Q: 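Provided herewith is a single structure, encoded as structure tokens, for subsequent inquiry.
We use all heavy atoms of the structure for the numbers below, so side chains are in, but hydrogens, waters and symmetry mates are not. Values in this document were obtained by computation on a predicted structure and should not be read as measured data.
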Amino acid sequence: MHRRTAWVVFIVAVIATSVLVYPYLGLDVDDSRLDVRDGLHYYVLVGHIGTAAVALVLGSLQFMPTVRARRWIHRTLGRVYLLAGVLPSAVATIPVALWSGRLMTQVGLTTAAVLWLITGGLAYRAARRRDFDSHRNWMMRNYALTFLAVTARILVPLLLLLQLPFRGAGSMGELATSMIPIGQTLGWVVNLAVVESVIRRRRRLPEARLRDA
């Protein structure tokens, strides 16, 4: 990833994290952006959001050339990213999704959480085997799932804007609620599709150079 792109990802991650975490800093159930049924639901949600914020920011740092050049920093941040960010957040995602009561949220977010754990595990295994190309690819897929927190919040307003000419502004509040599960599911699908295209393009470049040689 180019230096400028890495900085954009980092800045977006920091801004998104601030927006996501702020309502929960006071640990007040009444300030929750999502409907919660009880204290357990709320605190699991807070745990999910807090650890997702860790993953979102630390994962963006891993794309920085200066961080990647310092192997021990890159390795340490990677472990914290997986163990303090991805792992607890993915585990907490599953009950939060199931408690939502919406089938698409339950299926979409649970699938994303499982893929989050699998890609993280495969990235870690590749690093242990010193297969750094595979490690990089799996970590890109993993961060694509992490970045769902950002993409979903971009897609939902876009989906609402597309509906506006047909529904009118009066029904936007109710429509927004129905668009959230769609945005959540589309978010990780779109992210993975983009990352997969980048990975495949990188694989084709050496092959093209060999043919041209």
Q: Under 4.5 Å between side-chain heavy atoms, counting indirect links through other Ile/Leu/Val/Met/Phe/Trp/Tyr residues: same cluster for Met139 and Trp72 or not?
A: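 Per the 4.5 Å side-chain linkage, Met139 and Trp72 are co-clustered.
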Q: Side chains of Leu82 and Leu87, heavy atoms from C-beta outward: is any pair under 4.5 Å?
A: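 The answer is no; the side chains never approach within 4.5 Å.
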Q: Which heavy atom of Pro65 sits nearest a heavy atom of Ala6, and at what distance?
A: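 Minimum heavy-atom contact is CD-CB, 4.5 Å.
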Q: Is there a donor-acceptor pair under 3.5 Å between the side chain of Thr51 and the backbone N or O of His48?
A: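 Yes, because the side chain of Thr51 sits within donor-acceptor range (under 3.5 Å) of the backbone of His48.
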Q: Going by heavy atoms in the side chains, are Gln184 and Arg102 under 4.5 Å from each other?
A: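 No, their side chains stay 4.5 Å or more apart.
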Q: Not counting sequence neighbours, list each pair that qualifies as a salt bridge (charged side-chain N to carboxylate O under 4.0 Å, His left out) and has a residue in residues 80-94.
A: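 Pairs touching residues 80-94 that pass the test: none.
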Q: Identify the heavy atoms of Val156 and Gly183 that sit nearest to each other, and give their distance.
A: CG2-CA, 4.0 Å
Q: Locate the shortest heavy-atom distance separating Thr185 from Gly108; write the atom from each residue and the value.
A: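 Nearest pair, atom of Thr185 first, then Gly108: OG1-CA, 3.7 Å.
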Q: Answer yes if Val8 and Phe63 sit in the same cluster of Ile, Leu, Val, Met, Phe, Trp and Tyr residues linked by side chain heavy atoms under 4.5 Å apart, and no otherwise.
A: yes
Q: With distance as the sole test, does Ser197 use its side chain to make a donor-acceptor pair with the main-chain N or O of Val194 at under 3.5 Å?
A: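 Yes, Ser197 side chain to Val194 backbone: donor-acceptor pair under 3.5 Å.
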Q: Could you state whether Met140 and Trp7 fall into the same hydrophobic cluster, counting links through intermediate Ile, Leu, Val, Met, Phe, Trp or Tyr residues with side-chain heavy atoms under 4.5 angstrom apart?
A: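 Result: yes, single cluster for both.
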Q: Please report the shortest heavy-atom distance between Val9 and Ser60, naming the atom on each side.
A: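 What the structure gives for the nearest pair is CG1-CB, 3.9 Å.
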Q: Give every donor-acceptor pair under 3.5 Å between a side-chain atom in residues 142-153 and any protein atom, sequence neighbours left out.
A:
from: Asn142; atom 1: OD1; to: Tyr81; atom 2: OH; distance (Å): 2.5
from: Asn142; atom 1: ND2; to: Trp116; atom 2: O; distance (Å): 2.8
from: Asn142; atom 1: ND2; to: Thr119; atom 2: OG1; distance (Å): 2.9
from: Tyr143; atom 1: OH; to: Leu56; atom 2: O; distance (Å): 2.7
from: Thr146; atom 1: OG1; to: Tyr81; atom 2: OH; distance (Å): 2.8
from: Thr146; atom 1: OG1; to: Trp116; atom 2: NE1; distance (Å): 2.8
from: Thr146; atom 1: OG1; to: Asn142; atom 2: O; distance (Å): 3.2
from: Thr151; atom 1: OG1; to: Phe147; atom 2: O; distance (Å): 3.2
from: Thr151; atom 1: OG1; to: Asn191; atom 2: OD1; distance (Å): 2.9
from: Thr151; atom 1: OG1; to: Asn191; atom 2: ND2; distance (Å): 3.0
from: Arg153; atom 1: NH1; to: Ala149; atom 2: O; distance (Å): 2.8

Q: Measure the spacing between CG of Leu20 and CZ of Arg33 and express it to the nearest 0.5 Å.
A: 8.5 Å
Q: Let me confirm one number: the CG-OH distance from Asp31 to Tyr22, rounded to the nearest 0.5 Å.
A: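 Rounded to the nearest 0.5 Å, the CG-OH separation comes out at 8.5 Å.
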Q: Quick one: does Leu34's side chain get under 4.5 Å of Leu45's, heavy atoms only?
A: yes
Q: Look at the side-chain heavy atoms of Ile, Leu, Val, Met, Phe, Trp and Tyr, link any pair under 4.5 Å apart, and say whether Trp188 and Val91 land in one connected group.
A: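 No, Trp188 and Val91 fall in different hydrophobic clusters.
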Q: Check ring pair (Phe, Tyr, Trp, His ring centres under 6.0 Å) between Trp138 and all other residues, then give those that pass, not counting sequence neighbours.
A: none
Q: Would you call Arg202 and Val198 a side-chain contact if the rule is heavy atoms closer than 4.5 Å?
A: yes
Q: Closest heavy-atom contact between Ser100 and Ala97?
A: OG-O, 2.6 Å
Q: Hey, does the side chain of Thr76 reach the backbone of Ile73 with a donor-acceptor pair shorter than 3.5 angstrom?
A: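 Such a contact is absent between Thr76 side chain and Ile73 backbone.
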Q: Do the side chain of Gln62 and the main chain of Val67 share a donor and acceptor less than 3.5 angstrom apart?
A: no
Q: Would you indicate whether the side-chain heavy atoms of Arg141 and Ile199 approach each other to under 4.5 Å?
A: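 Side chain of Ile199 against side chain of Arg141, heavy atoms only: contact under 4.5 Å found.
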Q: Can you tell me how far CZ of Arg200 sits from CG of Asn137, rounded to the nearest 0.5 angstrom?
A: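 Asn137 atom CG to Arg200 atom CZ measures 11.5 Å (nearest 0.5 Å).
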Q: Counting only N and O atoms by type, is there a donor-acceptor contact under 3.5 Å from the side chain of Arg37 to the main-chain atoms of Trp99?
A: yes
Q: Please check: side-chain N/O of Tyr24 versus main-chain N/O of Gly47, any donor-acceptor pairing under 3.5 Å?
A: no
Q: Would you name the heavy atoms of Thr17 and Ala13 that are closest together and state the gap between them?
A: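 Reported closest heavy-atom pair: OG1-O, 2.7 Å.
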Q: What I'd like to find out is whether the side chain of Arg3 reaches to under 4.5 Å of the side chain of Thr66, using heavy atoms alone.
A: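 When only atoms from C-beta onward are counted, Thr66 and Arg3 do touch, with a gap below 4.5 Å.
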Q: Once you round to the nearest 0.5 Å, how far does CG of Leu159 lie from CD1 of Ile154?
A: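 Those atoms lie 12.0 Å apart.
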Q: If hydrophobic clusters are built by linking Ile, Leu, Val, Met, Phe, Trp and Tyr wherever their side-chain heavy atoms come under 4.5 Å apart, do Val96 and Leu98 end up in the same one?
A: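 Per the 4.5 Å side-chain linkage, Val96 and Leu98 are not co-clustered.
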Q: Around Asp38, counting heavy atoms of other residues, nucleotides and ligands shown, do more than 12 lie under 6.0 Å from its CG?
A: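 Yes, the 6.0 Å shell around CG holds more than 12 heavy atoms from other groups.
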Q: Less than 4.5 Å apart, side chain to side chain, heavy atoms only: is that true for Leu122 and Arg125?
A: yes
